[in-house]
Amino acid sequence: MDTNEKPANFIFAAVAEDLKTGRFNYVRTRLPPEPNGYLHIGHVKAFLIDYLTAREFGGELILRFDDTNPTKEETEFVDAIEDDARWLGIQWVKVTFASDYFDRLYEWAIRLVKKGLAYVDDQSPEEMSASRGTLPRGTKWSETEAAIKPGVASPYRDRSVEENLDLLERMKNGEFPEGSRVLRAKIDMSHPNLVMRDPVMYRILRVPHHRTGTKWCIYPTYDWSHGQNDSMEGITHSLCSQEYIIHRPLYEWFLRQLGEFPSRQIEFSRLNLTYAMMSKRKLRKLVETGVVSGWDDPRLTTLRGLRRRGVTPEAIQSFIAAVGETNNDSWVDMGLFDSFVRDDLNQRSPRRMAVLHPLKLVIDNYPDGQVEEMDAVNNPEDASAGTRKVPFSKVVYIEQDDFRETPPPKYHRLYPGNEIRLRYAYLVKCTGFSRDPGTGAVTEVHCTYDPATRGGDAPDGRKVKSTIHWVSAEHAVQAEVRLYAQLFTVENPDVGDDISASLNPNSLETLTGCFVEPSLADAKPGDKVQFERTGYFCADLDSAPGKPVFNRTVTLKDTWAKIEQKQG
RNA sequence: UGGGGCGUGGUGCAACGGCAGCACAUCAGCCUUUGGAGCUGAGUAUCUUGGUUCGAAUCCAGGCGCCCCAGCCA
C-alpha cells in the first residue's frame, strides 16, 4: 500500500499499523470455508476481504477448508467452493484442510494437558450445559433467571495429568462411545464470557471423515482448530465475521498458553442483503423440496445462481467494494446490488432486439417479399463493438405493450394516428388494427411507413417521441425467455420457520413464444446481451443451437413503469 | 443483575478537533434512434443529555436504542 494513501477500510488500517509497529513483517490471510454447502453472496464479502487484504500488502492467501465436523461435510462441496471462488476472481497460493493438521493438533492438545490446562470430562452434554451457568433474565435465552449465574466446575475437572493423558489417548483409540467424553480447556468456570467457561476441544464422533476416513474418532471443535491452524500456517491476520468477537479471548488464550505464532483475529460485520436467503439450512431445503431447480437456480443468491443468471464477477466485486467494511449492523438493499449489475452489464453487453410478448405489425405499403438489411449499433457505450445487419420486412413483431388502442396520458408509443420509429428501420404511422371477434384481443396492428426515413431519420427533420424495437416475422428465431423476480416477498427470508409463507409465487415467468433477431439463434450458454428497452439477459445452459433460452439477469430501469404506476 | 459489538439522510459508506460528503433510492429538469445510458439540480442525517474546546459526528461522562453469546456447529 502507498503509505501516503489513506487505508480503504479499518482492516487495511490495522494491517498497515501491524506492519509499521513490527508486530508482523509480512501478511498472510486465510479463507476458511466449511465444505458443507455452496457459496452465496454472504460469503463473498469475507472472501474478498481475505483476498484483497493479502493482495493489498503484497501478501498471500491460503484457501483452507475448515473440515472439523465430518457429520456435515462433503468432498462435493470442496470442489464446488474452489470452482466458485476461482470464478469470483480470487487467487490463493495453496489449498489446505484443517484435517491436514489433525496429528499436530493432537500433539498440541497433549501439551496443554501436560501443563494442566486441559482435562477429560465425563459429563453428558446435558450436564455440561446445565453447569455452564446462565444469562440474566431479559435476554432471549433466559426467561427465568434473574441474574447471571457462574458455571459450576465439573466433578472431573481436577483429574491428574496422568489420568487425563490416559483418557485422551483412549478417547483417540476409540475405547469410548460417541458423546461419552470430551476434552475441555481448563480456564475459568465463572468467566463473564461464556466462551471461556472451559470450552470443549475434542468430542468423540464415530463418523468417517471425507479426507481422513476412519483414522480419527475424535474431532476438534472450531475453537480448538481454527486459531491453531492459523498459527501453524503462519497466518498473520485471521479475518472473520463479528460473531467470532467473543471467541477472540479464547483464540488468544490458546496461542499464548501454547507459545505459538500469535496470529491476529480481526472481525468485521457480515453482509446482510435484503431478499437474499443466506441460511445454508434453508437454502438446502429450497433445493431439496424442489422449490428451486437446484443450487444454480438463477433466483438464488448462491454464486452458482448468480452466475447462471448472468451476473459477472466484476459486478459482484464492485458491489462488495461499495458496501464497504465496518462493524455496523447493516442491511444492504438488493436495489444497490442490481444497480451494480446494470452498470457492469451496460458497459459490456451487446444490444439485440427481442420481442417477449409478440404482436404482429403489418406495414401495409411495404413491398411484399422485400427484405432490407438494416445497420444496427451493437453497443452505444462501446464503439469498438461495431455494428450488425438486421433483416427487415413487411411483417414484424413488436411488443404488445408498445401498442395501445387508446393511449393513456404521456404514452408515446404506437396508437391509431401516431407516428413512431422502428429502431434502425423506418418511421411508421399507425393506421388501424384488427381484433379477435371472440376475445376482443388485438391480433394485428397496421401501419404505413415513410420510405424516405430509412435508418430512422426523417429528411424533413420531423421528430417522433418514441422508438420501439421489433423483429422481422419472416426471420425471427423463436426463443424461450425466463423472467425472474424476487424469490421472497419478505426482506429477511432467513427469519421464521415457514419458508413457504414468504415465497413469491410469481418469481419465475417462463415465456416460450418469444422472437429474437437471427443473430441470437446460436447463443451459447453464458452469452450476455441487452434486449433493447427490456433488460439484460444471459443465454441459459438449456440453450441448443437454433433454440436459445435466455435468463433475465436484471431489468433496465423503467421510467414509464413509474409514470404508469403513478397514474394508477 | 453478565459479557461483547454497534448508533451519520430512506439504505450503505465517508469525514479521524475545522464549511457533514459519496453511492443507491426519491423528486424536478435537460438530452436521447433504448421511456436505457448520460447530464444538471433538489429534499432528507450526526441516538440523547451534559462536559472539554475559539470550534465536537470526532475527545470525556451519563443515559437511551439495536444486535450477538448458555452446540460435543462453524
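Naming convention: chains lettered A, B, ... in sequence-line order (proteins, then strands); numbering from 1 in each chain. Because the structure is predicted, anything quoted here is derived from the model rather than measured.
Only one option out of A:Arg284, A:Lys280, A:Glu76 pairs with A:Tyr38 in a side-chain hydrogen bond (donor to acceptor under 3.5 Å, both in side chains); it is A:Glu76.
Within the 4.0 Å cut-off from OP1 or OP2 of B:rC73, not a single side-chain nitrogen or oxygen of A:Thr68 is found. Listed pair A:Lys562 / B:rC27 meets the phosphate criterion, a side-chain N or O lying under 4.0 Å from OP1 or OP2. Distances shorter than 4.0 Å separate some side-chain N or O of A:Arg203 from OP1 or OP2 on B:rA74. Using a 4.0 Å cut-off, some side-chain N or O of A:Ser330 falls inside it from OP1 or OP2 of B:rC13. Here A:Arg64 does not reach the OP1 or OP2 of B:rA74: none of its side-chain N or O atoms lies under 4.0 Å away.
Per the geometry, NZ belonging to A:Lys282 stands 22 Å off P belonging to B:rC73, to the nearest Å. Remark: C1' of B:rA25 and CZ of A:Phe337 are 17 Å apart, rounded to the nearest angstrom. Taking atom NE2 on A:His209 and atom C1' on B:rA74, their separation rounds to 13 Å, with Å as the unit. Atom CG of A:Asp223 is separated from atom C1' of B:rA74 by 9 Å (rounded to the nearest Å). The distance from atom CE of A:Met171 to atom C1' of B:rC72 is 9 Å, rounded to the nearest whole Å. Between A:Leu336 atom CG and B:rG10 atom C1' the separation is 13 Å, expressed in whole Å. The separation between A:Asp344 atom CG and B:rC24 atom P is 15 Å, rounded to whole Å. Distance CG (A:Asn272) to P (B:rC13): 10 Å, rounded to an integer number of Å.
Contacts of A:His247 with the nucleic acid, taken as non-hydrogen atoms under 4.0 Å apart, include base atoms.
When atom types are taken as modelled, the side chain of A:Asn379 and the backbone of A:Gln347 share a donor-acceptor pair closer than 3.5 angstrom. Remark: side-chain polar atoms of A:Asn173 are not paired, donor with acceptor, to backbone N or O of A:Glu175 under 3.5 angstrom.
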Passes side chain to side chain donor-acceptor pair (under 3.5 Å), A:Asp344 versus A:Thr312? Steps please. CA-CA 8 Å; A:Asp344 172 75; A:Thr312 68; 2.6 Å; yes

Checking ring pair (Phe, Tyr, Trp, His ring centres under 6.0 Å) for the pair A:Trp470/A:Tyr397: CA distance, chi angles, key distance, verdict? CA-CA 5 Å; A:Trp470 50 271; A:Tyr397 291 111; over 10 Å; no

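Here B:rG29 sits opposite B:rC39 as a Watson-Crick or G-U wobble pair (both hydrogen-bonding atom distances under 3.5 Å). Partner assigned to B:rA23 is B:rU11, using Watson-Crick or G-U wobble distances below 3.5 angstrom. B:rG63 is paired with B:rC47 under the Watson-Crick or G-U wobble criterion, all donor-acceptor distances under 3.5 Å.
Between the P atoms of B:rC69 and B:rU26, the separation comes to 35 Å (whole Å). Between B:rG29 and B:rG36, the distance separating the two P atoms is 14 Å to the nearest Å. Look at the C1' atom in both B:rC59 and B:rG2: the space between them is 29 Å, to the nearest Å. The separation of B:rA20 from B:rU44, taken at their C1' atoms, amounts to 13 Å, rounded to a whole angstrom. Annotation: B:rG5 and B:rA61 have their P atoms spaced 14 Å apart (nearest Å). One C1' atom belongs to B:rA57, the other to B:rA45, and the distance between them is 10 Å to the nearest Å. Comparing the P positions of B:rC39 and B:rG17 gives a spacing of 34 Å, expressed to the nearest Å. Atom name C1', nucleotides B:rU11 and B:rC60: the rounded distance is 32 Å, in whole Å.
Between A:Phe268 and A:Phe10, the distance from one ring center to the other does not fall under 6.0 angstrom. Between A:His209 and A:Phe102, the distance from one ring center to the other falls under 6.0 angstrom. The six-membered or imidazole ring of A:Tyr275 lies away from that of A:Phe488, with a centre-to-centre distance of 6.0 Å or more. With ring centers used as reference points, A:His247 lies 6.0 Å or more from A:Tyr251.
Nucleotide B:rG10 carries an anti base; the chi torsion (O4'-C1'-N9-C4 or O4'-C1'-N1-C2) is more than 90° from 0.
When the nucleotides B:rG12, B:rG35, B:rA74 are ranked by their closest atom to the side chain of A:Thr221, B:rA74 comes out on top. When each of B:rU34, B:rC73, B:rU11 is scored by its nearest atom to the side-chain atoms of A:Asp333, the top-ranked nucleotide is B:rU11. Candidate nucleotides B:rC72, B:rU34, B:rG35 were compared by shortest atom distance to the side chain of A:Pro380, and B:rU34 ranks first. With B:rA14, B:rG71, B:rC72 as the choices, the nucleotide that has an atom nearest any side-chain atom of A:Pro125 turns out to be B:rC72. The side chain of A:Lys410 lies closest to B:rG35, out of B:rG35, B:rC13, B:rC27.
Nearer the 5' end of RNA chain B, as judged by each residue's closest nucleotide, is the contact made by A:Phe340, out of A:Phe340 and A:Gly133. Heavy-atom nearest nucleotides on RNA chain B were determined for A:Leu556 and for A:Val323, and the one closer to the 5' end corresponds to A:Val323.
Separating the CG atom in A:Asp100 from the CZ atom in A:Arg211 is a distance of 5.5 Å, to the nearest 0.5 Å. Distance check, rounded to the nearest 0.5 Å: CZ of A:Arg421 to CZ of A:Arg413 gives 14.5 Å. To the nearest 0.5 angstrom, A:Phe550 atom CZ is 11.0 Å from A:Thr553 atom OG1. In this structure, CG in A:Asp558 is found 8.5 Å from CD in A:Glu564, a value given to the nearest 0.5 Å. To the nearest 0.5 Å, atoms NE2 (A:His43) and OG1 (A:Thr301) are separated by 10.5 Å.
Taking a centre distance below 5.5 Å and an interplanar angle below 30 degrees as the stacking criterion, A:His226 does not stack against the six-membered base ring of B:rA74.
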How does each nucleotide of nucleotides 3-8 of chain B score, in 5' to 3' order, for protein heavy atoms under 4.0 Å: base (B), sugar-phosphate only (S), or none (-)? BSBSS-

Every protein N/O within reach of nucleotides 37-41 of chain B N/O, cut-off under 3.5 Å:
from, atom 1, to, atom 2, distance (Å)
B:rA37, OP1, A:Lys557, NZ, 3.4
B:rA37, O2', A:Asn346, ND2, 3.4
B:rA37, O2', A:Glu381, OE1, 3.4
B:rA37, O2', A:Glu381, OE2, 2.8

Could you run down the sub-3.5 Å N/O contacts of the protein with nucleotides 43-47 of chain B?
none

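Evaluation of atom-type donor-acceptor distances gives a pair under 3.5 Å for the side chain of A:Arg413 against the base of B:rG35.
A donor atom on one side chain and an acceptor atom on the other are found under 3.5 Å apart for A:Gln265 and A:Glu267.
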